[in-house]
Every structure is written in C-alpha cells, then in structure tokens.
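Each remark here refers to the structure printed beneath this line.
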Amino acid sequence: MGSNLDEKIEPTFQQVVNRNPGESEFHQAVREVLESLGPVLVKYPEFAHHKIIERICEPERQIIFRVPWMDTNKEVQINRGFRVQFNSALGPYKGGLRLHPSVNLGIIKFLGFEQIFKNALTSMPIGGGKGGADFDPKGKTEGEMMRFCQSFMTELYRYIGEYTDVPAGDIGVGGREIGYLFGQYKRLVNRYESGVLTGKGVGWGGSLARTEATGYGATFFLNEMLKVRNDSLDGKLCLVSGAGNVAIYAIEKLHQLGAKVVTCSDSNGVIYDEKGIDLALVKQLKEVERRRIKDYASYHKHAKYIADGNIWEIPCDVAMPCATQNELSGKDAATLIKNGCIAVSEGANMPTTPEGVKIFLEAKIAYGPGKAANAGGVATSALEMQQNACRDAWTFEYTAQKLSEIMKSIHNLCYETAEEFGTPGNYVYGANIAGFIRVAKAMLAMGLI
Ligand code: NDP
C-alpha cells in the first residue's frame, strides 16, 4: 500500500504497528484515520505539541478475562472476553459487545478506535470503547447463551457502570443477550442501573427505535448524500449484505424510501430476489426462528441462493455493506463502479478494504464511511441513556425523528469539514477530521490525560 501519511505522522503510525504486533485490523483502522490528519496539524499545531495523536492511539485501559461456562453436554468451555476502554474525553466509554469466533484483541481495538470518532460525530457525551468474546453463538441453545452471558458479565461488571462504561450489542449480541447481561449485572450490584447497558428491551428501559437505528440511520445518511447530488432513493436498485440487525433495518428503510433491495446474505451465501427482498420473511427466519438465510429460497422458488457467492457482482445503483469488516475488496469496488453503482453507505464497521475505499474516492461516487454512516445506532443508544437518566420513555416517532435529525447533522458536519479542509465530497476525510478535532480539543482542555 502506498503511503498517504503526512511525514510528521508516519513515525506515529510505525510506532502503533511496532507496539501492537499482529493486530492488522487495528493498524488498518489507525492508518485510515491518520491519513486524514496532516492538514489538521497545520491548522492546530498544539495537537502535535501535546502528542494528541499518539495518546489517542493508545487505549486508556484494556481488559482481557476468562469466561468459563458449561455446555448442555456438561462439558466445560472456556472463552476469552475483552473490553477495551479506548477514550473517555467526551463521556463514559460507549460501544458494543461482539460475540464471534473471529474476535481477538486486534479486532476489538479496531472497533474501539473507530468508535471514538464515530461517537464524537454524534455530538453526544459519549467516549469510545468496545468489547466481546471469541464465542460462537451459532447453534447454541437458549440455556448455553444465558450461561455464557452470565459468566461474561460476572467478570465484566467490575469495569462498567452508567458513568464509566456503557456496552451495547454488536455482531452476535441482540436484545436477548442484552437481557441476560443486564439481569446478571443487576444481581451482582444489587441496583437497577438502567443506563449501564443499551439495547435493552422496550418495557424495561430500552428505547423505541434503537433496534432499527443503525440500519435506518445508514439509509438516512445515504439519502442525505444523494440529496446533495440532487438525487433520491426513489426507484433505485440496491444491494444489501448481511441478514442481521443492521441489514434488516437498512432494507426496511430503503423500501420505505422507494428503493428496491434485491439481496441479503450471511457468511455462507447470498440471496438474490429480483422481485425485491421479502423482509417479513427475513425477519421471521432471522429474528424469530434464528435460521440460515439459505432457507429464504425454499419459501420463494423464484429467488436464487448462491452458496459462497459474491454479492458485489450483482449490478445495482446503490450498495450497503451491512455484514462485517473487509467484506468489500478493491476488486469488488471496481466491479460495482463498472456496473453503474453511484453510492455506497456502510452499515457495517470498516466493510471496505483500503483499496476499495481508494477506488470509491477516485471514482467520486457518494461514499459514506461506516464511522459516519452507521453512527445512528450509537446515537440512539445515547438517546436511550437520556431516557434512562430522566426515567422517561419517548414515542417511536419522537425518537426516530431525533435519529433522522442527528444523521442529517452528522452528514452536514462531514460534508462541511471536507470542504473546509480542501477535499470537497470526501466524507472519509470529513468524518475523520471532524471526529478527531472534537476529541482532541477535549483532551487538550483536560491536561495531560
Ligand atoms: P448481526 O450479528 O445481527 O448480523 C451480522 C450479519 O452479518 C449476519 O447475517 C452474519 O451472518 C453476517 N456476516 C457476518 N460475517 C459475514 C461474512 N464474512 N460474510 C457475509 N455475511 C457475514 O450483527 P449486526 O447487524 O449488529 O452488525 C453488522 C455490522 O454492523 C458489524 O460490522 C457491526 O460492527 C456493525 N454495526 C452494528 C451496530 C448495531 O447497532 N448493531 C452499530 C454500528 C455498526 P452469519 O449469521 O453467517 O454470521
């Protein structure tokens, strides 16, 4: 990869690589942010003087712990749990918990690092953190899920709290898991501390519209990018990857805004339904029955299931990667452009490889990076914290309206920052710079923290 790093910043990046060996996703996320910061140090030399970049790249605290639990065959299982408390300059650490066999320290650090700037973009009082475990929820029984969550929280509870660190869901952690985690936290601390976790069930502290927020928000962001180009989602042909929380609600909002989504996927394959994805069926399969997406094709004979297929080869106007990191390569980006794709909004975190991002930026399509486009989830988590703090529960309409205003304001902040720093239309620079400046100013004001 060629170096786009400012020569003053290059040694900092090298230091991050040397001090965190083998953490390739973390290096990738750091590099992507640092590549944007050259002009920031020219405008704010005090940031360099006070080594703000070096400090931001070092987590405030990293916790790694054993998670023992017993499976249904009475066999002892051991997983590794993580919580990386990255930066609390703007508020309590905030970020999800991921349960997936691929989880390791480097993955959690990449996600925690991204989270700092994403949370700053929301303009809400939340710092950045992330956690999870190398546990595979696939095929686990209800009892196993509960015992795992209880064991995980039995260690994690020491480090979190409504004013300290507020975890939420991510891959493999939805409403059911947040319920088990909250229940165990409540037993351990003997306190009904609603604001310690977000993504709770509606009726016991959860916020309406939180479930929908990430997918809806990424679609609002896409809509804002198209508006700038005097275009809209009406009639657009869309690809969405994934079939989890983010994908489902991205598809729902795309349909509401007049677009037609023809795909969804999981890690085994792709569903292509040229008549438009039947979202009620996807919800039933994934949210209720917890089945594989392959089963969609047994209900709709006209739909194709492509095992191990590459979703990005299907022609479209607009694409929303909503599954996982590095799911869209440079080659995929080139294929999308060749097939006429005019906009990409990332529901997932870092789904496009650096080569892919470069191709989107050079082609000057509307490209919304995850840290801006998918910030609606965490923003609505912050709204959940607000409701918990004032022991209130807002209506769906009120909360969704706030989400839509927040996404508009994140879009405008990124757009205006990109213009100000001489890279009009480049939301990657806009997001990185705007998020960084907000955190950096707070850190500067607080002395050597
Ligand atoms: P879920 O666990 O609900 O869903 C993840 C989906 O992506 C599943 O369908 C999963 O399939 C699929 N998937 C995972 N890996 C791959 C792969 N390699 N190829 C194709 N599909 C894959 O997670 P979420 O929807 O919550 O999260 C999706 C992304 O969005 C993640 O990057 C997450 O960090 C990000 N995000 C989530 C937020 C939220 O509020 N939930 C907020 C902001 C970002 P399978 O079942 O086969 O694993």
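Quick caveat: nothing in here was measured; it's all calculated off a predicted structure.
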Is the distance between the ring centroids of [Y] and [X] under 6.0 Å?
X: Phe148; Y: Phe135; answer: yes
X: His411; Y: Tyr427; answer: yes
X: Phe86; Y: Phe113; answer: yes

Looking only at the side chains, is there a donor atom on one of [X] and [Y] sitting less than 3.5 Å from an acceptor on the other?
X: Glu60; Y: Tyr93; answer: yes
X: Asn245; Y: Lys286; answer: no
X: Glu327; Y: Ser241; answer: yes
X: Asn104; Y: Asp134; answer: no
X: Asp278; Y: His300; answer: yes
X: Asp273; Y: His302; answer: yes
X: Lys200; Y: Asn388; answer: yes
X: Gln115; Y: Asn119; answer: yes
X: Lys294; Y: Asn268; answer: no
X: Tyr299; Y: Gln284; answer: no

List for me each residue that meets side chain to side chain donor-acceptor pair (under 3.5 Å) alongside [X], sequence neighbours excluded, and say none if there are none.
X: Thr211; answer: none
X: Glu397; answer: none
X: Gln85; answer: Arg61, Asp165

### Minimal non-hydrogen separation, Val166 against Pro92, with atom names
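Looking at all heavy atoms of both residues, the closest pair is CG2-CB, 4.5 Å.
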### Distance-minimising heavy-atom pair for Ser267 and Arg292
OG-NH2, 3.6 Å
### Message
Over 60° means perpendicular and under 30° means parallel, so tell me whether Tyr398 and Trp394 are parallel, tilted or perpendicular.
### Response
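Tyr398 and Trp394: perpendicular rings.
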### Message
Once you measure the plane-to-plane angle for Phe47 and Tyr44, does it fall in the parallel (<30°), tilted (30-60°) or perpendicular (>60°) bin?
### Response
parallel
### Message
Please check this pair: side chain of Thr380 against backbone of Ala213, looking for a donor-acceptor N/O pair closer than 3.5 Å.
### Response
no
### Cys322 backbone acceptor or donor facing Glu346 side chain under 3.5 Å
no
### Query
For residues 344-389, which residue pairs qualify under ring-ring contact (aromatic ring centres under 6.0 Å, His included), counting only residues two or more places apart or in two chains?
Phe360-Tyr367
### Query
Please, which pairs that meet ring-ring contact (aromatic ring centres under 6.0 Å, His included) have at least one residue in residues 244-290, sequence neighbours excluded?
none
### Task
Using the side chain to side chain donor-acceptor pair (under 3.5 Å) rule, collect all pairs that involve residues 303-316, keeping only residues at least two apart or in two chains.
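Every side chain to side chain donor-acceptor pair (under 3.5 Å) pair that includes a residue of residues 303-316, provided the two are not neighbours, is Asn310-Asp332.
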### Message
Given the ring of Tyr159, does Arg83 sit roughly above its face, with NZ or CZ under 6.0 Å from the centre of the six-membered ring and within 45° of the axis?
### Response
no
